[in-house]
2 protein chains.
Amino acid sequence: MNSRPLLLVGLLASLFATTAIAQQDKEAGKRPPLVIQEQGSFFVGGRNVKSETLSTLPAYAPSGTITVEQMYVHYQIPLDAKRVPVTLIHGCCLTGKSWETTPDGRMGWDDYFVRKGYPVYVVDQVSRGRSAADPTLINSVKLGKTPADQTPPVFFAAHEAAWAIFRFGSEYPKTHPGMQFPLESQQEFWKQMVADWIGTLPTPNPTVRALSELAIRLKGTVLISHSQAGVYPFQTAELETRGIASIISIEPGACPAAQSDLKPYLGFPILVLFGDYVDLSPRWAPRLRACREFVEAARRAGGKAELLVLPEIGIKGNSHMLMQDKNSLEIADLLIAWIDKNVVN
Amino acid sequence: MNSRPLLLVGLLASLFATTAIAQQDKEAGKRPPLVIQEQGSFFVGGRNVKSETLSTLPAYAPSGTITVEQMYVHYQIPLDAKRVPVTLIHGCCLTGKSWETTPDGRMGWDDYFVRKGYPVYVVDQVSRGRSAADPTLINSVKLGKTPADQTPPVFFAAHEAAWAIFRFGSEYPKTHPGMQFPLESQQEFWKQMVADWIGTLPTPNPTVRALSELAIRLKGTVLISHSQAGVYPFQTAELETRGIASIISIEPGACPAAQSDLKPYLGFPILVLFGDYVDLSPRWAPRLRACREFVEAARRAGGKAELLVLPEIGIKGNSHMLMQDKNSLEIADLLIAWIDKNVVN
């Protein structure tokens with residue numbers, strides 16, 4: 001891209017940002033006050049590691065102990081909370097910000113679920129956002145102690161590539177007709193994206209055990225995951241089902257295989273949710289099919305599993321980022337109704 | 001460190017974590033409800049860059065556009081907010097988490113200032129936490145396109161080194177007598193630390209312009225900075241004083257030079273605050289002296305600047321992390337009284 005289109009993009013971005021702010025300021029006055037009993041944040045998990053390559057700068061010692069693989073958790077508990085806590089687990093290349101104010105300045109699910117009486121826990125996956133990533137191998141490469149080709153894989157999804165992955169359209173910058181994602185505020189959305197260190201982590205991702213620790217501490221929670229994180233709550237259940245009141249998997253990158261041992265998934269209600277345009281996506285269509293097979297297998301095995309594809313119940317136009325789509329609160333209401341019906345409060 | 005002491009550290013860490021949780025659970029019931037008019041998050045700043053080294057993984061394209069140098073801002077506005085907004089800007093190797101729940105589970109300043117009637121804005125510095133860092137040069141090294149020694153400097157402060165920097169004691173693991181930092185919960189504190197990408201950013205740090213944009217948008221805010229971030233609000237004032245109602249600089253890594261052009265700092269009240277044990281620290285003693293000179297020079301030039309060293313007014317035992325020390329809310333009250341007296345609300 002030469003500098004002229006970039007300048008144009010910058011100018012348009014400023015305009016979009018101003019629009020988002022205006023929308024936000026307009027909405028603010030409309031919201032009834034929210035009464036919080038308690039809020040705060042903490043970490044679960046984490047381990048201490050010693051390294052000789054913590055720093056290549058003279059001001060900071062290269063050698064010592066750091067703590068990595070912990071998971072940041074922010075929570076709010078409304079006054080007279082009566083419902084089961086929900087835990088919101090963001091997807092690839094994003095952080096807990098996914099669930100907050102939408103790119104066009106509307107209320108996020110974090111706020112909305114609290115207003116509906118749920119204690120809400122929002123996490124940053126291990127190595128993302130406020131949960132530390134481990135840069136020691138990078139410094140080892142800089143110091144010539146590790147070959148350059150062993151630099152850890154840290155990737156950043158491009159707007160152009162993310163466009164199709166998030167199903168804004170079949171390819172950048174084409175848009176699926178009836179798209180509910182607020183593309184006029186896309187620049188604010190791109191700002192949510194961060195580098196993804198997942199390839200530097202052990203398997204299973206330490207987020208899985210951290211979610212288990214959190215669920216046990218909460219004595220029951222609905223694990224609501226998105227995309228890349230979709231597999232984590234299922235892996236958490238494999239580890240231990242204690243504390244898992246339910247799993248709601250929004251457009252998971254993968255469901256458990258229909259042929260796998262389904263026992264860990266039979267003791268609590270499961271909802272797998274997909275948006276629109278899935279059949280048009282070579283990435284998502286096979287995932288939806290595999291999830292459908294998993295849900296059917298779980299039901300046959302006696303589990304309480306459901307698959308919901310939004311256009312099949314008349315809700316159209318939803319992208320992969322459906323918690324930010326223009327009808328995001330309508331979808332939240334759908335989940336709340338499902339929780340009310342299926343999960344013991 | 002061999003594995004046996006590490007195991008011990010792990011066991012002790014679990015015990016400390018349990019203590020912190022118990023403390024948190026005990027405190028929760030005591031707090032009166034908090035009434036929020038509005039909460040949410042957004043970004044300021046940011047620019048689009050094109051790169052050919054976004055990814056080395058087959059699932060994500062190496063080429064495309066990403067957005068970097070934006071600053072994440074989370075905010076809460078209490079019901080009937082009458083006071084000027086405060087903006088909390090964390091220091092080195094940390095994120096906005098610094099201002100939230102303390103390591104031993106007590107209320108953070110983010111919550112406390114809202115409860116005292118202030119709209120509160122908590123940022124993650126550019127390239128930290130939920131504000132994206134740019135990993136493209138790292139991937140360029142991995143692909144052999146950039147020499148290994150040009151890998152960007154990404155450092156992580158070790159517990160042992162941070163110990164003296166945060167003035168828990170003169171050296172790890174010695175403790176200054178009367179220490180107010182909750183060292184029994186230190187493992188929870190270490191989990192707050194993240195890799196610091198500051199060396200990869202242009203000068204001045206893009207956080208500076210982002211703070212200016214935020215201040216202008218808020219039509220006046222008290223910029224409360226800590227440590228590494230101490231210099232940013234002063235640099236913001238150099239850029240433009242619009243929107244800066246006041247600067248409160250908590251143990252800044254640097255004050256402006258007393259010999260510099262002081263004009264940008266004369267139009268609003270300034271408070272520079274230091275904790276205890278400063279004279280015992282080769283890192284902090286000269287910084288305090290230089291800040292004292294700056295404050296005196298600003299006063300001589302007609303500015304409204306103050307320096308407060310806590311033990312000089314009888315408040316003893318404060319570490320560098322004084323917003324997390326056991327008397328953290330007493331210090332918050334001190335700042336609130338200062339704002340009430342000095343800043344137009």
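Residue numbers start from 1 in every chain, and the chains themselves are labelled A, B, ... in the order their sequence lines are given, proteins ahead of strands.
- Neither the backbone nor the side chain of A:E69 comes within less than 4.5 Å of any heavy atom of chain B.
- Using a 4.5 Å heavy-atom cutoff, the side chains of B:Y72 and A:R130 are in contact.
- Proximity to chain A is absent for every atom of B:E213, based on heavy atoms less than 4.5 angstrom apart.
- Residues satisfying the ring-ring contact (aromatic ring centres under 6.0 Å, His included) criterion with B:W163, sequence neighbours excluded, are B:F168, B:Y172.
- Looking at A:L79, only its side chain comes within 4.5 Å of chain B, counting heavy atoms on both sides.
- Without hydrogens or angle criteria, B:N139 side chain to A:V154 main chain gives a donor-acceptor distance under 3.5 Å.
- For chain A, no part of B:I77 is nearby; none of its heavy atoms comes within less than 4.5 Å.
- In this structure, a donor-acceptor pair under 3.5 Å is absent between the side chains of B:Q39 and A:E100.
- Counting only distance, with no hydrogens or angles, the side chain of B:K191 and the backbone of A:M71 share no donor-acceptor pair below 3.5 Å.
- In terms of heavy-atom proximity, B:I66 sits nearest to A:A158 at CG2-CA, 4.2 Å.
- Ring geometry for A:W197 against B:W197 counts as perpendicular: the plane angle is over 60°, on a 0 to 90° scale with 30° as the lower cut.
- With a 4.5 angstrom heavy-atom cutoff, B:R283 touches chain A only via side-chain atoms.
- Between B:G64 and A:E160, the shortest heavy-atom contact is CA-OE1, 3.4 Å.
- Interface residue B:S63: only backbone heavy atoms are found under 4.5 Å from chain A.
- Heavy-atom distances place both the backbone and the side chain of B:A157 under 4.5 Å from chain A.
- With a 6.0 Å cutoff to the six-membered ring centre and a 45° limit on the axis angle, A:R106 does not count as a cation-pi contact of B:F42.
- With hydrogens and angles disregarded, no donor-acceptor distance shorter than 3.5 Å links the side chain of B:K142 to the backbone of A:P152.
- Remark: A:Q70 engages no residue in a side-chain hydrogen bond (donor to acceptor under 3.5 Å, both in side chains) (not counting sequence neighbours).
- The backbone N or O of A:G40 lies less than 3.5 Å from no partner atom in the side chain of B:D111, so there is not a single donor-acceptor pair.
- If you take CZ on B:F189 and OG1 on A:T67, they are separated by 10.5 Å, rounding to the nearest 0.5 Å.
- Smallest separation of non-hydrogen atoms from A:T56 and B:P153: OG1-CB, 3.9 Å.
- With a threshold of 4.5 angstrom between heavy atoms, B:Y60 approaches chain A through side-chain atoms but not through N, CA, C or O.
- None of A:L143, A:V141, A:T151 except one satisfies the side-chain contact (heavy atoms from CB on, under 4.5 Å) rule with B:T151; the exception is A:V141.
- B:Q37 places a side-chain N or O within 3.5 Å of a backbone atom of A:R31 that can act as its donor or acceptor partner.
- At least one side-chain heavy atom of B:H159 sits under 4.5 Å from a side-chain heavy atom of A:N48.
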